[in-house]
Each structure stands twice: as structure tokens, then as C-alpha cells.
Asker: 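Quick one: the structure is below, and I'll ask about it shortly.
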Amino acid sequence: MSDARADIPYAQTGDAEFRDYVALLKPRVMSLVVFTALVGLLVAPGTLHPIEGLAAIIFIALGAGASGALNMWWDADIDAVMKRTARRPIPAGKVAPQEAMALGVALSGLSVIMLWLATNALAGFLLAFTIFFYAVIYSMWLKRATPQNIVIGGAAGAFPPMIGWVAVTGSISLEACLMFMLIFMWTPPHFWALALFMKSDYHKANVPMLTVTHGRKATRAHILVYTIALVPFALAAGFTSIGGPVYLATALALNLVFLHGAWAIWRRDEECAEADAYRVEKRVFRFSLYYLFVHFGAILAEAALARLPAYAEFALRFKILEVF
Ligand code: HEM
Ligand SMILES: CC(C)=CCC/C(C)=C/CC/C(C)=C/COP(=O)(O)OP(=O)(O)O
């Protein structure tokens with residue numbers, strides 16, 4: 001393992017603002033993490049007191065943020081040379097690397113302990129494992145070691161809905177595993193579509209992303225293969241307690257569009273892709289975010305529909321009581 005951040009002199013401007021510390025927590029990626037964790041928590045069988053549920057989501061978000069800060073601390077040297085990341089708080093000289101590390105460690109400890117206390121030990125353990133996986137296994141080890149970095153490392157981002165589910169039930173189920181697999185199999189096409197139009201960044205930073213090590217043609221083929229492998233997991237969830245007709249119809253449509261995009265990426269000739277500024281690749285990357293968001297939205301919609309009769313009965317009884 002190479003020493004990533006050893007003695008890199010980041011000029012400190014000393015003018016860190018609150019928003020720089022927020023940026024360390026990778027808030028935009030956190031939004032999807034929070035949403036998927038929230039869905040896991042809301043659709044799990046059983047109930048959590050609303051205050052406990054809110055606390056669980058806040059601590060999962062804090063844990064995700066903590067792992068983001070640790071990732072930015074470790075990867076500051078990479079971030080400094082990539083155009084997309086050069087303005088992050090550490091390479092920009094706003095926040096000292098040690099400060100980011102301290103924030104990451106402190107928030108990790110706090111979020112894990114608080115999630116444990118608010119819900120249960122297994123949820124706390126899974127959050128700790130997820131932070132460890134993203135910060136240590138992915139950032140410190142795999143990212144600089146193998147082009148399979150994001151395939152294995154992607155597991156970190158797949159845990160949040162499982163953590164939400166476990167926070168309620170205290171155990172792992174088939175449904176929790178399918179939500180995990182949905183994100184796990186989705187991550188490679190999500191990321192490689194982006195890497196196709198960001199190749200020079202990773203090349204410059206010497207990060208062994210698939211585009212750099214195996215070339216663009218191989219990356220295009222990998223996107224197609226992983227998208228095909230993703231489909232059965234996405235559809236299988238429709239036949240469990242978190243699925244139903246709304247989910248299945250939505251998943252079918254989303255997967256057809258995603259497959260079509262992956263196919264279009266695979267079919268592309270490099271010269272024509274470059275000539276039209278990677279429009280297809282950019283479209284597939286943007287669609288990947290929509291894909292995941294809407295899948296989890298459909299899971300939530302199924303849960304709401306399933307609970308509708310109970311709510312209706314409650315409302316009806318309430319009205320009848322009012323009459324008498
Ligand atoms: C190892 C796995 C992953 C890698 C390498 C990766 C990489 C990236 C990169 C490089 C971006 C562009 C960010 C930017 O423009 O600064 C991005 C965007 C994004 N990713 Fe991922 N991602 C991964 C997994 C995930 C997971 C699991 C989620 C959520 C469940 C996720 C959610 C997002 C979101 C919401 C954005 C859009 C952020 C924005 O608006 O800029 N990603 N991802
Ligand atoms: C609950 C919890 C701890 C969740 C956190 C897990 C999580 C959101 C993982 C996502 C992985 C991710 C965004 C990788 C980005 O790769 P990168 O870091 O190489 O991207 P970069 O080049 O933008 O830094």
C-alpha cells in the first residue's frame with residue numbers, strides 16, 4: 001500500500017468556513033445514501049419510535065460523512081491533481097489534512113456509538129464496518145491497487161439500506177440483501193460511465209481505473225456485462241415483501257432504459273464518442289443516479305400502498321366514533 005498523503009505540503013490559507021467542513025462530508029453523495037437508508041428503515045417489518053428512526057438516519061448520514069472526510073484526507077494527493085476534485089477543501093488549502101482526519105475519526109466514533117444506542121448493536125456494527133470498508137479497504141487499499149477497486153469497494157455504498165433495515169429489525173433478511181445487491185451491481189456501470197468521460201483525470205493521478213489499465217473498449221464491455229448482471233437482482237426484489245406490481249413495472253422500465261444505454265455505450269466507436277463530447281456516456285451516468293433513486297422510490301411506494309388499507313380503516317373508525 002502506498003503512503004498516499006505523506007508530507008504533502010498543502011498551502012494553508014487558514015480561512016476555512018463552515019461550508020468547507022460540510023464539503024468534507026461529500027454531501028451530494030450522502031443524499032442518495034440517506035435516501036436508500038431511509039427506504040430500508042421505512043419498509044422494514046416492525047416499528048421504530050419516530051425519534052429513534054430520525055436519530056438512526058442522522059447517525060447513518062454522519063457515518064457516511066465521516067467516511068467521506070477520511071477518504072478526502074487519504075486521497076488529498078489524488079484530488080489535488082484531478083480537475084474534478086482539485087477545489088476540494090484539502091487541496092484548496094482551506095482545511096488541514098490532520099483536521100479532516102480528526103473530524104473523520106471523531107464523527108465515525110460518534111455515529112457508530114449513537115446508532116448502536118439509538119437502535120441495536122448489529123446496526124452499529126454494520127455502520128462501523130461500512131466506514132471501515134470505504135475508508136480503509138476501498139480508499140487506502142483497493143483504489144490504488146486494482147482496476148477492480150470500485151467493484152469490490154462499491155460494497156460500502158451498498159450497505160446503507162441494509163443498515164436502515166437492521167436498525168428496525170435487528171437482523172439481516174433476503175430483502176435487505178437484495179437492496180444491497182441492487183446498489184452493489186449498479187455501482188460499476190454508474191462509475192465506469194463517468195470514468196469514460198473523465199479518463200484523463202485518473203490517468204494524470206495514476207489511479208488504476210479500468211479505463212486506464214484496460215482501455216476504453218474493455219470498459220464499455222464491462223459496463224454492458226455488469227448492467228446485464230444487475231437486472232435479475234433489480235427484478236428479483238419485486239417478488240419479495242418489498243416488491244409488488246408498482247415496483248415491478250417501474251423496475252422493468254428502468255432496467256430496459258439502462259440496458260439500452262449500456263448497449264449504446266458498448267456499440268460506440270471511440271472516435272465518434274469523442275466527437276460528440278461523450279453525450280451517451282454522460283446521459284447514462286446521469287440516468288444511473290435517477291435509476292437508483294427511482295428504484296428505491298418504488299420500494300417506498302409499494303410499502304405506502306400496502307399500508308393504505310390499514311390507514312383507511314383507522315380513518316374510517318375514527319369517523320364512525322366521531323359520529324357517535
Ligand atoms: C466505489 C463506488 C463509487 C464510485 C467510485 C463513485 C464515484 C462517483 C463519482 C466520481 C462521482 C462524481 C462526483 C463529482 O462530480 O464530484 C459520483 C457521483 C455520484 N455518486 Fe457515485 N460512486 C460510487 C458509488 C456510489 C454510491 C454507492 C452512491 C449512492 C448510493 C453514489 C451516489 C452518487 C451521487 C448521488 C452522485 C452525484 C453527486 C453529484 O451530484 O455530483 N455513488 N460518483
Ligand atoms: C454509511 C456509509 C459509511 C456510507 C458511505 C459509503 C459510500 C457513500 C460509499 C460510496 C463510495 C463512493 C462515493 C466512492 C467515490 O469514490 P471516490 O471516493 O474514489 O471518489 P472521488 O474521486 O470523488 O473521491
Side-chain angles (χ1 to χ4, degrees), residues 4 23-40 56-88 90-91 104 107-108 111-112 115 123-124 126-140 142-144 147-164 166-167 179-180 182-198 201-202 205 207-211 226 282 285-293 295-296:
L24 277 178
L25 311 184
K26 298 198 173 184
R28 285 185 304 182
V29 172
M30 197 197 274
S31 61
L32 207 45
V33 168
V34 165
F35 181 63
T36 57
L38 182 67
V39 172
I57 292 303
I58 290 173
F59 297 128
I60 294 170
L62 267 189
S67 64
L70 291 172
N71 166 274
M72 285 214 204
W73 159 65
W74 187 265
D75 276 352
D77 59 331
I78 292 180
D79 289 350
V81 291
M82 299 208 299
K83 207 167 126 214
R84 180 177 58 84
T85 51
R87 277 168 306 166
R88 283 182 173 172
I90 301 175
L107 287 184
S108 297
S111 58
V112 168
L115 182 66
L126 282 177
L127 182 63
F129 183 72
T130 307
I131 295 171
F132 174 79
F133 207 90
Y134 182 36
V136 179
I137 305 289
Y138 171 73
S139 306
M140 296 183 188
L142 298 171
K143 185 169 175 179
R144 294 164 199 254
Q148 292 303 310
N149 46 16
I150 60 112
V151 177
I152 310 164
F159 275 111
M162 183 182 275
I163 301 175
V166 169
M179 287 190 283
F180 173 96
L182 181 59
I183 304 181
F184 183 66
M185 298 305 294
W186 160 91
T187 301
H190 157 73
F191 176 71
W192 286 328
L194 175 104
L196 279 173
F197 57 90
M198 292 276 180
D201 253 1
Y202 291 112
V207 180
M209 290 302 180
L210 200 64
T211 39
Y226 273 87
K282 287 178 185 167
F285 172 72
R286 274 197 304 273
F287 182 75
S288 77
L289 297 173
Y290 178 80
Y291 174 100
L292 205 62
F293 184 80
H295 262 97
F296 278 87

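Numbering of ligands and ligand atoms starts at 1, following listing order. As the structure is a computational prediction, the values presented were derived from the model and not from experiment. Numbers here simply count residues along the sequence, with the first being 1. These numbers come from the heavy atoms of this one structure, side chains and all, not from hydrogens, waters or symmetry mates.
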Asker: Side chain or backbone of I183 under 4.0 Å from ligand 1, or both, or neither, by non-hydrogen atoms?
Answerer: side chain
Asker: What's the shortest distance from atom 22 (O) of ligand 2 to any protein heavy atom, and which residue and atom give it?
Answerer: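 So the nearest neighbour among protein heavy atoms is R84 NH2, 2.9 Å.
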Asker: Looking only at protein heavy atoms, which one is nearest to atom 36 (C) of ligand 1, and what is the separation?
Answerer: L289 CD2, 3.5 Å
Asker: Under 6.0 Å between the ring centres of Y290 and F293?
Answerer: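 Not close enough - the centres of the two rings lie 6.0 Å or further apart.
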Asker: Show which atoms of ligand 2 fall inside a sub-4.0 Å distance from at least one heavy-atom site of N71.
Answerer: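 The list of qualifying atoms is 18 (O), 24 (O).
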Asker: Where on L127 is there a heavy atom closer than 4.0 Å to ligand 2, on the side chain, on the backbone, on both, or on neither?
Answerer: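 Under 4.0 Å from ligand 2, L127 contributes side-chain atoms alone.
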Asker: List the closest protein heavy-atom neighbour of atom 27 (C) of ligand 1: residue, atom name, distance to the nearest 0.1 Å.
Answerer: G157 CA, 3.4 Å
Asker: Counting non-hydrogen protein atoms only, what is the nearest one to atom 7 (C) of ligand 2? Give residue, atom name and distance.
Answerer: G157 CA, 3.8 Å
Asker: What residue and heavy atom of the protein are closest to atom 26 (C) of ligand 1, and at what distance?
Answerer: W186 CZ3, 3.5 Å
Asker: Among all protein heavy atoms, pick the one closest to atom 35 (C) of ligand 1 and tell me residue, atom and distance.
Answerer: R28 O, 3.6 Å
Asker: Which of these, F191, Y138, Y202, F159, has its nearest heavy atom closest to atom 17 (P) of ligand 2?
Answerer: Y138
Asker: Considering T187, L292, L194 one by one, which has a heavy atom nearer to atom 2 (C) of ligand 1 than any of the others?
Answerer: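 Among T187, L292, L194, the closest heavy atom to atom 2 (C) of ligand 1 belongs to T187.
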Asker: Does an N or O anywhere in H190 fall below 3.5 Å from an N or O of ligand 1?
Answerer: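 For ligand 1, there is an N or O atom that lies under 3.5 Å from one belonging to H190.
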Asker: Look at atom 5 (C) of ligand 2 and say which protein heavy atom is nearest, naming residue and atom and giving the distance to 0.1 Å.
Answerer: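 Result for atom 5 (C) of ligand 2: S67 OG, 3.6 Å.
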Asker: Return the closest protein heavy atom for atom 4 (C) of ligand 2 as residue, atom name and distance.
Answerer: A64 CB, 3.7 Å
Asker: Is K143 close to ligand 2, meaning an N/O of one under 3.5 Å from an N/O of the other?
Answerer: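 For ligand 2, there is an N or O atom that lies under 3.5 Å from one belonging to K143.
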Asker: Please determine which of Y138, W186, Y202 meets the ring pair (Phe, Tyr, Trp, His ring centres under 6.0 Å) test together with F191.
Answerer: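 Among Y138, W186, Y202, the one that satisfies the ring pair (Phe, Tyr, Trp, His ring centres under 6.0 Å) with F191 is Y202.
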Asker: Indicate, as side chain, backbone, both or neither, the part of K26 found under 4.0 angstrom from ligand 2 when only non-hydrogen atoms are considered.
Answerer: side chain
Asker: Does an N or O from R84, backbone or side chain, lie closer than 3.5 Å to an N or O of ligand 1?
Answerer: yes
Asker: If you have a sec, work out which protein heavy atom is nearest atom 8 (C) of ligand 2 and how many Å separate them, to one decimal?
Answerer: V33 CG2, 3.4 Å
Asker: Where is the nearest protein heavy atom to atom 18 (C) of ligand 1: which residue, which atom, and how far?
Answerer: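 It is F285 CZ, 3.6 Å.
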Asker: What do you reckon, does Y134 have a nitrogen or oxygen under 3.5 Å from a nitrogen or oxygen of ligand 2?
Answerer: yes
Asker: Nearest protein heavy-atom contact for atom 7 (C) of ligand 1: which residue, which atom, what distance?
Answerer: F191 CD1, 3.3 Å
Asker: Heavy-atom contacts under 4.0 Å between M30 and ligand 2: side chain, backbone, both, or neither?
Answerer: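 Within the 4.0 Å criterion, M30 makes no contact with ligand 2.
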Asker: Should you measure from each heavy atom of V29, which atoms of ligand 2 turn up under 4.0 Å away?
Answerer: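 With V29 as reference, the close atoms of ligand 2 come out as 8 (C), 13 (C).
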Asker: Considering only protein heavy atoms, which is closest to atom 23 (O) of ligand 2, and at what distance to one decimal place?
Answerer: R88 NH2, 2.7 Å
